[in-house]
Each structure stands twice: as C-alpha cells, then as structure tokens.
Amino acid sequence: MVEFNPEDHFATDRLDKLKRLQNEGINPYPPSFDRSCALAEFTDRYDDETSLSDEEYRLAGRIRRFNDLGGIAFLGIADESGGVQLYLDDETEGFDLLDSLDHGDIIGATGEPIRTDRGELSLRVQQLSVLTKTLNHPPRDELNEESRLRNRPVAMWEPDVRARLETRFDTISEIRSFLEGRDFTEADTTVLQNVYGGANATPFETFCEAKDQTMYLRIATELDLKKLVVGGFERVFEIGKVFRNEDIDTTHNPEFQMLELYQAWADYEDMMQITEDLVCYVVDSVLDGSRTLQYDGKEIDLSRPWERLTMTEAIHRHGNINVESLSDDELETIAREHGAEFPGGFSRGLGIMELFETVAEPELWDPTFVVDHPQETTPLCKDHREKDGRIERFELMVAGAELANSYTELNDPVQQGEHFAAQLERYEAGDEEAHQMDEGFLQALSYGLPPTGGLGIGIDRLVMLLTDSQSIKDVLPFPMVNSKE
RNA sequence: GGGCCGGUAGCUCAGUCCGGCAGAGCGUCUGACUCUUAAUCAGACGGUCGAGGGUUCAAAUCCCUUCCGGCCCGCCA
C-alpha cells in the first residue's frame, strides 16, 4: 500500500485552508464556471466609459493581488488576456471565503462594474466562488536560474519567459502558413526507426519488445521525406522533433525542433531562394516587419540578397588560408593545429570542412550562404554540376552559427550506395557518427527520386535569433534537466 | 570530457575568505483596519545550511567524495 502524504508535497498552511473549505462543504475544485467573458473584454468595454451599465458579469482569474482591509477587500485577478480588480464588502456572498484564499488561487466572481473612490474600474462582487485552490506559494520574486528551468509552469508567468515561448509558437505557426501558401504538404514520418540516418550523429537507442530488436529515435527526417517524394508527394515538409544523443549546452538540447522540406523539380539554388523568403517572412510576421535583428548586443542585417561565399572563399577571407594551394599533408597539419580531429581518418574534404568551422564560421555574422562543400562532408548530396570534388550544398550561417543546411539531393542509387559504403568504412575506422547503410532508402531511390532540392532549418536556433536568446533553454518550453531524487 | 561559479526559511539572498547561539527582506500565521494597488500597523512562527564521510571541544564555514544548476572551453547542429 503506497500512502500519499500531502504534507510531503504541499504547503501546510494551504492544506489547512483546503481542509477548512472542504469542512464547510465547499468544493475547492468545481468542474466548471461559466464566465461571461475574458477579463480584457471587461476592461476594454468600460475603461473609457464614464457611465457604467448594471449588466451582470461572471469573471474568473488567478489572484495576483490580495488587499484585505477588514470590512472591505480588493483582489486583483488575472487571466491570459489581462486583469481586473474585484471589490468585495459585507454584501458579497462568500466574503468569508477570503479567510481561506491566497495569492495564486483561481476564483470566480459575479457582479457588476463600478468605479472605486480612486476611479479604478472594478467588479463589485455579489457572489464569490473558489474555482481552484492552490497548494503551493507562488514566488514573490523573480525565480533564480535553476527554479526557472525546473519550475516551468510558474516560470512562464514571468513576462520575458512568456514572450520567448510566444515567439517560438508563433514562429512554428508562421512557417506552416508560409509553406502551405506555397502548396507544400505537411507530412509526419516515423520517429522509431530500425536504421537511423539523414545526418551524422549519435542516436538514442531503445528496444522494441514486439520485434525483439533494438530501435533508434530519428536523428533527422530526411530519408523518410525523400521516400515521400519518390512516392509522388512533390512538395513535402515536416516540422518535428529529432533526437541526438550528444551533449547539452547553450546551443544543444538532446531533442530539438527541425523543419525539413523537399521540393521536386528544384535544386539548391531554388532552396537558397526559399530559405531567404521563408526566414524573411517569419521575421516580418513575428517581429512586425523589422529588417534587422539585435543579437548578443550586435545587429544582424537581414537586407537581401544575402551574401554567397564558397567554403574555400570563406576560409580565405577569414583565415587568410588558400586551401587550394595546400598539399593534403599541409592541410591536415594546419587543420590539426586548429584543433581538428579525424576519428574515421583524414581526407582533404574533411580537412577543409574542419578549417572552415574553426576559422570562418564564427566570423559569419550577417546571413551568409556558404556553398559548394567538399563531397566528404555528407553522403546525401549530389555532386556539383561543374566543380570536381564539390557538392551542391549550402549552409546558411547567421551570428556565427549554422541556421540552415540544404542540398541538391543525390538521386543516383549506385552513387548513394557507394557513399554509404564509404561511411560504413569510416564507422569501422572509429567515426561513431558516420552514416549507416540504409537498404530501404537505396531501394526507394532505385524507383526514381526526381531532381529534388531539400532544406533543413533548426527552429530552436531561429527562435534564439528572433528573441535575442543566448541559450537554447530560454526558447524551449521544457528544456531537459536532470531529475532530482 | 576539462575549468570556474553557485546550492542556506515558501521566494530572493547575506553569512563561508578568518570555524564559536542559523540571519535579512518579502511571503506565511495571529490580531487590527470600509477605497486598497502583493496597502498599512502590532506580534509570532518558520531551517536535514543539496547529500554522505572526515578534521575539531565546536563545522553552513576547513578537507574528501558525491548529486544538482549556471557559465566558459572541447565535441557535435
């Protein structure tokens, strides 16, 4: 028999008040309350009126201010829309309830609009009722960092926490409306997978009892979405969580929100266009038409068109290194001097990528398309139509970080198989993040993926830019925290 | 993975360097109060000092181990 002891979980002074209510035959958690309108609707209607109606209102909200003067009392209640002051006196039915109410409790009040002697619009309460008795004290002061992360429902009462989450939810909604306006179909694909792919990352493992087999949480939505394109859905996107079993820090959460879209009959040039259009659309919608962002004390200029640099140009500009003139050995030496490691073995292309990430990436502040990566940087992208050893890939860099990643999708099944084999070799050589061999995906490609452009955007990163947040935790409703005993 | 900072009342935090009765503000509780703006006045209560071990006559304070959070570096997106 497991006993539940309320005293171990809740504030004793509030439990006493809860009991007092129950002893008086009052249900502290009634099933419903038929309010006549949101609080803002009440204030909007009467704020500028000199004469008030005698219309009856039923208002509800959380107690945020509690001034009990003895014979009369003023309560400030709030809901999502705003706040209203309640005026109570000895004519109020339920006036005695005040003895059992606290800050944070949710109450309902029936009455009519009045102005107090100080001129403040209020509801003169004829009847007061408890809607939800709360059992812990709401914080009086701003929460500290740890409480803000652990006690999310209460943290959301703080305006800045609330504002960032609103921007997050708006952003996701605006992305949808943008893509639906361009005839994209929203898809949802598998989260639990036998084979993980679409990115180079360490997966979360789980176990499927029914199949008696290890499964993985997806690290990307890419492969399933391309299968949908093979299946005839020519413009698809998915906004969904992906999972990577890597470190937690200011820019990484193990589960994060990713947009991926695929468009048949398009290439990476088209994807650059759609990326600019989409990001600017979201910024316009969420930030009311602003063309600049303030981030980390500096300004980000979103003026179009955004600059394009090849990866080697970026290295030359910001590191003053001409990689084309270096031998493989010289390149490896310089890359290692910059801290690069090559767990599955060095190759020229990986050396260039590593050098880019250390010398150029942090310097790219205003939106910049870095294009034409070395082939070794991903197995899923088509070879460049002109440049030997390069692929038709771009990454959008903003504020020194990657915001988007895009390819002209590789649709040659034989070449795809060769790339997977090369990845398998790297895996066996010690690169734990190398891509897996995916027979199902190869089979899909064998039935013909039309020429297709694909794009991935990290939504959390985008929201960080929009809200001037330096930590991903600030833009997550429920950032990952370790459990306490 | 490495370094630095932090964890003390319901909340926000002093106190730790230099060991000596466990502190403040707000909240809570009791009382007063018929126009307040978490009001005002009087009084009271409130603690496993993150956890465990050690040193000491004596530990929030010093030492060791460990958990949790934050920041920086490394790695990844």
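Basis for what follows: all heavy atoms, side chains included, without hydrogens, waters or symmetry-related copies. Naming: A, B, ... by sequence-line order, numbering from 1 per chain.
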ring centroid sep under 5.5 Å plus plane angle under 30, A:Phe256 with B:A77: yes

Nearest-angstrom distance from the residue atom CG of A:Leu88 to P of B:C33: 18 Å

ring-ring contact (aromatic ring centres under 6.0 Å, His included) contacts in which one or both residues fall within residues 69-88 of chain A, not counting sequence neighbours: A:Phe74-A:Tyr87

Residues A:Arg317, A:Glu307: salt bridge by 4.0 Å N-O rule: yes

Salt-bridge criterion met for A:Glu120 and A:Arg115 (N-O under 4.0 Å): no

Flag for A:Arg244-A:Tyr196: side-chain donor and acceptor within less than 3.5 Å: no

Closest to the A:Asn67 side chain, choosing from B:C11, B:A38, B:C76: B:A38

Listed nucleotide nearest any side-chain atom of A:Arg65, set B:A38, B:A77, B:U34: B:A38

Selection from B:C35, B:U30, B:A77 that lies nearest to any side-chain heavy atom of A:Arg20: B:U30

Close approaches to RNA chain B from residues 95-109 of chain A, in residue order (heavy atom, under 4.0 Å): A:Asp102, A:His103

Protein-nucleotide distance (A:Asp68, atom CG; B:A32, atom P), rounded to Å: 11 Å

Between P of B:C71 and CG of A:Asp296, the distance in whole Å: 13 Å

Heavy-atom donor-acceptor pair, A:His252 side-chain to B:C76 base, under 3.5 Å: yes

Sugar-phosphate, base or nothing in reach of A:Ile63, heavy atoms under 4.0 Å: nothing

Listed nucleotide nearest any side-chain atom of A:His137, set B:C71, B:C35, B:G27: B:G27

Whether A:Tyr268 and A:His384 hold their rings parallel, tilted or perpendicular, with breakpoints at 30° and 60°: perpendicular

Touch class at under 4.0 angstrom, heavy-atom based, for A:Glu246 against every strand present: base

Sugar-phosphate, base or nothing in reach of A:Asp90, heavy atoms under 4.0 Å: base

Nucleotide B:G69, atom C1' - distance to CG of A:Asp249 in whole Å: 15 Å

Under-4.0 Å side-chain N/O to phosphate OP1/OP2 contact, A:Lys473 with B:G69: no

Close aromatic pair by centroid cut-off 6.0 Å: A:Tyr57 and A:Tyr46: yes

Sugar-phosphate, base or nothing in reach of A:Asp13, heavy atoms under 4.0 Å: sugar-phosphate

For atom CE of A:Met258 and atom P of B:A77, their distance in whole Å: 10 Å

Value in whole Å for how far the C1' atom of B:C68 lies from CG of A:Asn151: 16 Å

